[in-house]
Amino acid sequence: MAPIAPKRFPDRDEIATVRRECEPLENGAQADTTRRLAGRVMARRDMGKLVFLDLVDRSGRIQLLCPLERTGEIDVHLGDVVGVSGAPAKSRRGEPSLMVDSLELLSRIRTPLPDTFHGLTDVELRYRKRYLDLLMNEEARHDALVRSRTVASIRRTLDEWGFVEVETPVLQPRYGGAFAEPFVTHWNSLDEDRYLRIATELYLKRLIVGGLEKVYEIGKDFRNEGVSFKHHPEFTMLEWYEAYADYRDTMDRIEQLVARAAQEVLGTTTCTFRGHEIDFAPPWRRMKFVDALEEHGLWTRDADELRRRLQERDVDVSKDPTWSKLIDHAHSHFVEPALVQPTILYDYPVELSPFARATDDDPSIVERFEYFAGGMELGNAFTEINDAEEQASRFTSQEAERAAGDVEAEGGDPDYVEALSYGMPPTGGIGLGIDRLAMVFTGRESIRDAILFPALRATG
RNA sequence: GGGCCGGUAGCUCAGCUGGUAGAGCAGGGGACUUUUAAUCCCAAGGUCGCAGGUUCGAACCCUGCCCGGCCCA
C-alpha cells in the first residue's frame, strides 16, 4: 500500500529568511541550527550519492543538498511539492543551500511541468493556465503580489482616513453611474431581469444620504464591451464618497493615496511604463479639460464643426451621433494618449457628466476631473450633485442624448432621485481603476497581465 | 466587425521549391559526492488547430471554420 501523503507541514520557515541565514557562512560550511522549508522542486541535479534540488516558495528559491546516505533515496520529480528539514549551509562554490537531513513528499506532480528553462511563453496558455504561469515565471508572481499589495495599501490609507468599507449590490434592477452597456441576467424566483453593475456610484451615494459620511467599495464592475489593452469586461474599481468635501479635496486625496501606494509597494513613487519614467509624487499636473482640447484645436461647442475637424484628422466619426460622443472621441484620441505623467484634467462639459455639480461661474461646465497616467485614464471624480431636482433634470437631459442615438447615455434612476430628495450633504466622489493602476505599477502594457484570470473565449 | 501575424511532442522551437516528422528540456531506465540550463549512455514520445479541396503524393498550396496576439473600429 502506498504511504499516505502528509496532510500538513507545520513550523516551516520562508526560503528568503533561510537564504539570509546562509549568507555569512564560509563556503562549504553549515550552521548548527535546523530549519524546515516547504515548496516546489524546480530543478534537480543528480551527482550520484549527492542530489541537488532547487526549492521555490513564494519568498524565493534555495538549493537543497541531499546526501543520500542521510536522506535515503530521493524519489522526487520536477514539480513535486516537498517539505525538508536541515541546516542552513553554503556549497563549496558559495551557493546558499540547506543541508537536508530529511525530505518528505507532500504532493506528487502528475502532469509534467513546462520547460523549466524557457518557462511558459505562449500568451494564450499563460492566461488560460495562470497557475502554470505563476509557477514558471517569477515575473508573474511578482506582478500578482504588486497588485495585491497595492490594494492592501489603498485599504490601509482609506481606513486610516476614516472611510468605511461597504459592499453594495452587484445584481441591480437598474444600472447607472457610468456610460456603458450592461450584462443582463435573470432572477428566476422573481422572474425579473437584473443588470450586473457598471458602477457602484449610485448605491454608495445612497449611503452618504444615510449618514455614513465617508464610504468606499473595492469590487468588480461589468461592462458589456470588447477587450483592449486597457479594457476588460469585468474589472476592479475603487469608488469612495466623502461628505462635506468637493472635487478639490478629492484631488488632494487621490494624489496622496496613489503616491503612498507606490511608495509602500514599489519603495519609490516612480515606475517605468512603456519606456517612460512616471512619477506619482504630488502635486500632479492640473489642466482644464477645455484647455487640453484647445491645445489640439479641438474645442468647439458646434457639433458639425467638431465633426469636420475630426474628419480632417482622419478620425472615423460615423459612430458618434452626438456632440458628447464627438468631444469624448476627440479627447480619447488626441488628449488622453499624451498624458503620460500623472495629470488631472478638470472642469468638464455638463453633457458628459450627469452627476457633477456646475462650476460657480459657468452652468455648462461642471466640477469634475479625470486623472491620467501612462496615457490612460485611471479614474473620474465629481463634486456630486446633491439636489434631487437638479439630478432629475440631468437624467432628463441624458434621455435626450439617448434619443439622439447614444445607447450608453444614463438611463435615469427615480429611486436614486428619491433618495437625494431626503437630502445629501455636499459630497466629493471618485473612482479608481485598480487594474490600470496595477498595469502602471508593474510596467505591464496589457490589462490582461494585471488580471490573474483574464476573460477568453471558451474552448471546445 | 476589418487588416496583419501565429497554432508542429507536456513545454520552447526547427522543418528549404510539396516527397512518408526533427532537436533541446520535461517524463521513463542507467552512471556519477559540490552541481546550479550539470554532464554522459539507452529507450520512448505526433489527429502538424479542425474540416474540405488540389495533387501520384500536403505540416507546406487553395477554401471555410476554431483559438490566440498586435493594430484599427
Side-chain angles (χ1 to χ4, degrees), chain A residues 15 19 22 25-30 40-56 60-80 86-87 89-100 108-138 140 224-232 274 310-311 313-321 325-326 328-330 332-334 337 375 407-408 444-449 453-460:
Chain A
I15 285 175
R19 265 192 89 94
C22 299
L25 297 170
E26 299 286 319
N27 288 3
Q30 67 179 72
R40 185 79 73 158
V41 174
M42 295 302 284
R44 174 174 181 145
R45 295 174 294 279
D46 279 63
M47 289 299 301
K49 297 282 182 286
L50 183 64
V51 173
F52 298 86
L53 303 174
D54 284 356
L55 188 71
V56 173
R61 177 184 281 251
I62 197 168
Q63 174 171 270
L64 305 178
L65 294 167
C66 305
L68 299 191
E69 60 189 16
R70 216 181 304 178
T71 61
E73 278 305 309
I74 299 295
D75 177 22
V76 165
H77 302 173
L78 282 196
D80 280 347
K90 250 190 189 169
S91 72
R92 285 179 203 166
R93 297 264 180 96
E95 178 74 22
S97 307
L98 192 77
M99 184 61 79
V100 173
R108 171 72 87 196
I109 191 166
R110 301 291 181 197
T111 307
L113 289 177
D115 185 319
T116 51
F117 179 62
H118 296 95
L120 189 69
T121 61
D122 182 278
V123 181
E124 184 176 354
L125 270 185
R126 285 184 42 233
Y127 295 156
R128 288 199 193 276
K129 302 188 177 182
R130 182 68 89 185
Y131 51 94
L132 287 181
D133 186 32
L134 291 166
L135 218 44
M136 305 309 298
N137 301 324
E138 211 239 308
N224 205 337
E225 56 197 27
V227 174
S228 81
F229 75 93
K230 60 176 181 177
H231 293 98
H232 193 260
R274 289 203 195 121
L310 285 170
Q311 279 167 335
R313 290 163 172 78
D314 292 324
V315 177
D316 176 5
V317 290
S318 60
K319 287 173 185 160
D320 300 327
K325 295 295 273 186
L326 288 163
D328 189 53
H329 202 158
S332 60
H333 203 278
F334 293 101
V407 295
E408 295 185 344
R444 293 301 200 143
E445 294 177 18
S446 168
I447 197 169
R448 275 169 278 189
D449 288 315
F453 296 100
L456 295 170
R457 278 183 197 276
T459 52

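A, B, ... follow the sequence lines: proteins, then strands. Residue 1 opens every chain.
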What N/O pairs connect the protein and nucleotides 27-30 of chain B at under 3.5 Å? Give each pair on its own line.
| unit_1 | atom_1 | unit_2 | atom_2 | d |
| --- | --- | --- | --- | --- |
| rG27(B) | OP1 | L78(A) | N | 3.3 |
| rG28(B) | OP1 | H77(A) | NE2 | 3.0 |

side-chain hydrogen bond (donor to acceptor under 3.5 Å, both in side chains) partners of [X], counting only residues at least two apart:
X	value
R274(A)	none
H77(A)	none
K230(A)	E336(A)
R448(A)	none

_Under 4.0 Å, counting only non-hydrogen atoms across every strand here, what does L125(A) touch: a base, just sugar-phosphate, or nothing?_
sugar-phosphate
Check: With a 4.0 Å cut-off on heavy atoms, is G119(A) in touch with a base, just the backbone sugar-phosphate, or nothing at all?
Finding: sugar-phosphate
- Query: Does D115(A) make a side-chain donor-acceptor contact with the base of rG10(B), cut-off 3.5 Å?
  - Reply: no
Below 4.5 Å, heavy atoms only, C-beta onward: do V51(A) and L68(A) meet side chain to side chain?
yes
Between [N] and [M], how many Å separate the two [atom1] atoms, rounded to a whole number?
N	M	atom1	answer
rC5(B)	rC40(B)	C1'	41 Å
rA37(B)	rG1(B)	C1'	45 Å
rG24(B)	rU39(B)	P	11 Å
rG53(B)	rG57(B)	P	12 Å
rU12(B)	rU54(B)	P	36 Å
rU36(B)	rA26(B)	P	14 Å

Whole-Å distance between [N] [atom2] and [X] [atom1]?
X	N	atom1	atom2	result
D54(A)	rU34(B)	CG	C1'	13 Å
R126(A)	rG7(B)	CZ	P	18 Å
Q63(A)	rU33(B)	CD	P	16 Å
K129(A)	rG10(B)	NZ	C1'	9 Å
R92(A)	rU34(B)	CZ	C1'	5 Å
L113(A)	rA9(B)	CG	P	18 Å

Correct closest heavy-atom pair for S91(A) and S97(A) would be N-OG, 4.0 Å
Residues of residues 40-52 of chain A with a heavy atom under 4.0 Å from any atom of RNA chain B, listed by number, are R45(A), D46(A), M47(A), G48(A), K49(A), L50(A), F52(A)
Taking salt bridge (charged side-chain N to carboxylate O under 4.0 Å, His left out) as the definition, give me every residue that meets it alongside [X], ordered by chain and number, with sequence neighbours left out.
X	answer
E95(A)	none
R44(A)	D46(A)
E124(A)	R128(A)
R130(A)	D133(A)

Counting primed atoms, P, OP1 and OP2 as sugar-phosphate and everything else as base, the B/S/- map of nucleotides 67-73 of chain B against protein heavy atoms under 4.0 Å is SSSS--S
Contacts of V315(A) meeting side chain to side chain contact (heavy atoms under 4.5 Å, CB included) (sequence neighbours excluded), chain-then-number -> L310(A), R313(A), V317(A), H329(A), H333(A), F334(A)
When T121(A) and E69(A) are each assigned the nearest nucleotide of RNA chain B, the 5'-most assignment goes to T121(A)
